[in-house]
**Q** 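Can you keep this structure in mind? I'll have questions shortly.
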Amino acid sequence: MIPPAYPPAPRPPRRPWLRVVVVAWAVLLAGLVFWSVRHDPPTVPEQRDIAAALPFLDEATGAVMAAADADGRAVVLHPTEFSRDCRITPVRPGVEAIREVTLRVRAGGAGPALDAVAQALPAGYHARVRRSPSGTRLELYADAGGFVAIDARTPADATVVTLQVSTGCRPPAAGVNTTPTSPAASTVPTVYRAALRALGAAGAVAGTVTEVVCPSGGTARTVTSVAVPVPRDLGRALQALTAGAGVVQAEPRAWAWRIGGFSVVATVTDDKVQVSVTIGCR
């Protein structure tokens with residue numbers, strides 16, 4: 001028996017408006033993506049290369065210098081250093097920029113100093129200091145914006161504390177010198193010359209300088225000498241300079257003091273002594 005024939009099913013009506021909607025939606029999405037790329041701020045550090053991160057690094061370092069420099073503390077500003085040991089992904093190498101501020105305090109002064117630094121940093125950094133349950137370790141952390149962090153980790157009884165400002169791992173950028181050298185100091189403070197004379201190295205007045213702009217608009221700078229021979233007694237050699245100064249540290253291989261708004265640090269390494277003189281943001 002032959003089955004009955006049925007008429008073909010009618011075609012669905014054409015809907016040209018649907019195609020128009022789809023095309024319009026695709027155009028709108030493309031426009032939004034383009035606008036977002038041009039205007040939205042980065043949401044992860046990998047979206048901002050090392051060149052874009054350096055201004056945030058310097059701004060945060062200036063804020064740290066302004067917060068750290070105070071009576072009873074001796075500070076040293078260090079130049080920018082770059083590390084290529086980081087990776088953005090397992091197959092994508094990156095570069096990290098770091099600046100450090102070394103803070104020397106009297107015995108028992110690390111905790112109060114970090115508390116004071118955290119309080120003096122801009123409120124937007126949300127700086128905080130944590131103490132270990134045993135009270136033997138201290139940590140400071142602050143978010144300086146632009147994916148730049150400020151941190152310090154130190155034993156509570158330390159007399160030397162390093163505040164580190166870092167960009168984290170970023171994509172490399174053309175035009176950024178990742179092996180910089182500190183320039184020679186064109187002028188040096190009187191206290192710098194006096195310290196070298198006291199160490200018997202009056203001829204070695206040339207030094208390098210590192211600088212950063214302060215939040216107030218001034219400039220903080222550290223002048224660092226070449227290494228010179230160690231005197232037989234470091235403290236005795238510096239006695240005339242430190243007699244009327246605010247001595248922060250007095251050890252066989254490290255002296256630090258403040259005088260006239262300057263921080264002066266003399267440290268011995270490998271039988272050589274190096275002098276750093278810093279004028280801060282005050």
**Q** Determine whether T278 and T222 satisfy the following criterion, side-chain hydrogen bond (donor to acceptor under 3.5 Å, both in side chains), listing intermediate values before the conclusion.
**A** CA-CA 4 Å; T278 303; T222 292; 2.6 Å; yes

**Q** Please check: side-chain N/O of R258 versus main-chain N/O of A245, any donor-acceptor pairing under 3.5 Å?
**A** no

**Q** Has S263 got a side-chain atom pairing as donor or acceptor with A74's backbone, closer than 3.5 angstrom?
**A** no

**Q** Start with the C-alpha gap between Y125 and D143, add the side-chain angles, then the distance that decides, and say whether side chain to side chain contact (heavy atoms under 4.5 Å, CB included) holds.
**A** CA-CA 5 Å; Y125 286 14; D143 182 353; 5.9 Å; no

**Q** For H78 and T210, which I'm curious about, is there any donor-acceptor pair between the side chains at under 3.5 Å?
**A** no

**Q** S276: which residues meet the side-chain hydrogen bond (donor to acceptor under 3.5 Å, both in side chains) condition with it, sequence neighbours left out?
**A** T224

**Q** With sequence neighbours left out, what residues match E211 under side chain to side chain contact (heavy atoms under 4.5 Å, CB included)?
**A** V209, T219, R221

**Q** Do the side chains of D151 and R153 get close enough for a salt bridge, i.e. N-O under 4.0 angstrom?
**A** yes

**Q** Does D157 pair with R137 as a salt bridge, N-O distance under 4.0 Å?
**A** no

**Q** Looking at E251, I'd like to know if its CD atom is crowded, meaning that more than 12 non-hydrogen atoms belonging to other residues, nucleotides or ligands lie closer than 6.0 Å.
**A** yes

**Q** State whether a side-chain donor-acceptor pair under 3.5 Å links T136 with R131.
**A** no

**Q** Are there more than 12 heavy atoms of other residues, nucleotides or ligands under 6.0 Å from atom CG of D270?
**A** no

**Q** Between R106 and Q249, is there a donor-acceptor pair closer than 3.5 Å when you use the side chain of the first and the backbone of the second?
**A** no

